[in-house]
Amino acid sequence: MIKVLFVCHGNICRSTMSSFVLQDMVNKRGLADLFKIDSRATSTEEIGNPPHRGTIQKMRKEGIPVLPHRATQITWKDYDDFDYIIGMDTWNMRNLNRMLKGDPEGKIYKFLSFAGSDRDIADPWYTGNFDVTYDDVVEGCEGFLKYLEEQGELK
């Protein structure tokens, strides 16, 4: 099983969108049984809240199922439980490395690195632009699946 955890600041916009998009992609490819996909926050600001209405609206517009979700903060147990911990931006990466003891097992990745980019995924909480975030998330998910294929993790 490939265990993937997406992480952003509040766990209501980018990380939830990423988990919904990747889950939809693996479902459509018949690979759902190979994956455990979830999301978390680095902060406590949104704990217990559902996905942002802009994320929900964008997922519905794209025909991607919105799965049950309430924001939760990442813990050390998550580090043990997941193979890939994927941050959305430089700030998330700093927080993840601090919170997860410097990433001793090399599990933390910046999302768009899988697409060959060092760009951040802009936070639509601030930009209001869920379309741009969605495009970046799709690019990251496609790059991640290609990476897994190249690593021989998808058979």
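Worth knowing before you read on, the calculation uses all heavy atoms, side chains too, and leaves out hydrogens, waters and symmetry mates.
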Can you check whether [X] reaches [Y] side chain to side chain, under 4.5 Å on heavy atoms?
X    : Y    : answer
L5   : I74  : yes
Q73  : M99  : yes
D118 : K110 : yes
Y79  : P104 : yes
Q57  : F130 : no
R29  : L145 : yes
F20  : S39  : no
F35  : K3   : no

Taking all heavy atoms of [X] and all of [Y], pick out the closest pair and write down the distance.
X    : Y   : result
P50  : R70 : CD-NH1, 3.0 Å
A71  : N11 : CA-OD1, 3.2 Å
I12  : C8  : N-SG, 4.4 Å
F114 : I86 : CE1-CD1, 3.9 Å

- Do other residues, nucleotides or ligands put more than 12 heavy atoms under 6.0 Å from the NZ atom of K36?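 Enclosed: over 12 neighbouring heavy atoms sit under 6.0 Å from NZ of K36.
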- CG of D80: more than 12 outside heavy atoms within 6.0 angstrom?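 Yes - once you tally the heavy atoms of other residues, nucleotides and ligands closer than 6.0 Å, there are more than 12.
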- Hydrophobic cluster membership, I47 vs L96, 4.5 Å side-chain cutoff: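 No; tracing contacts between hydrophobic side chains, which count when under 4.5 Å, never links both residues.
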- Applying salt bridge (Lys or Arg N to Asp or Glu O under 4.0 Å), name anything that partners D83, two or more places apart in sequence or on another chain.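 Scan of D83 (salt bridge (Lys or Arg N to Asp or Glu O under 4.0 Å), adjacent residues dropped) gives none.
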- Message: If the condition is salt bridge (Lys or Arg N to Asp or Glu O under 4.0 Å), which residues does E105 pass it with, not counting sequence neighbours?
- Response: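 E105 satisfies salt bridge (Lys or Arg N to Asp or Glu O under 4.0 Å) with K107 once adjacent residues are dropped.
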Under 3.5 Å, sequence neighbours excluded: what are the donor-acceptor pairs made by side chains of residues 131-143?
unit_1 : atom_1 : unit_2 : atom_2 : d
D131   : OD1    : K58    : NZ     : 2.8
T133   : OG1    : A122   : O      : 3.0
T133   : OG1    : N129   : O      : 3.4
D136   : OD1    : R119   : NH1    : 3.1
E139   : OE1    : R119   : NH2    : 2.9
E139   : OE2    : R119   : NH2    : 3.3

- Item | ring-ring contact (aromatic ring centres under 6.0 Å, His included) assessment of W91 paired with H9 | CA-CA 8 Å; W91 187 251; H9 182 74; 8.3 Å; no
- Message: So that I can tick it off, tell me whether D78 and R40 are bridged by a salt bridge, with the cut-off set at under 4.0 angstrom between side-chain N and carboxylate O.
- Response: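 Between D78 and R40 there is a salt bridge, with a charged N closer than 4.0 Å to a carboxylate O.
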- Query: Taking D120 for the side chain and T90 for the main chain, is one N or O donor matched with an acceptor at less than 3.5 Å?
  - Reply: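 Side chain of D120 to backbone of T90: a pair is present.
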- Would you please classify the geometry between the Y84 ring and the Y109 ring as parallel, tilted or perpendicular, with 30° and 60° separating the classes?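 Answer is tilted, since the angle falls between 30° and 60°.
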- Going by distance alone, is a donor N or O of one side chain under 3.5 Å from an acceptor N or O of the other, for D38 and H69?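 The criterion, which ignores hydrogens and geometry beyond distance, is not satisfied for H69 and D38.
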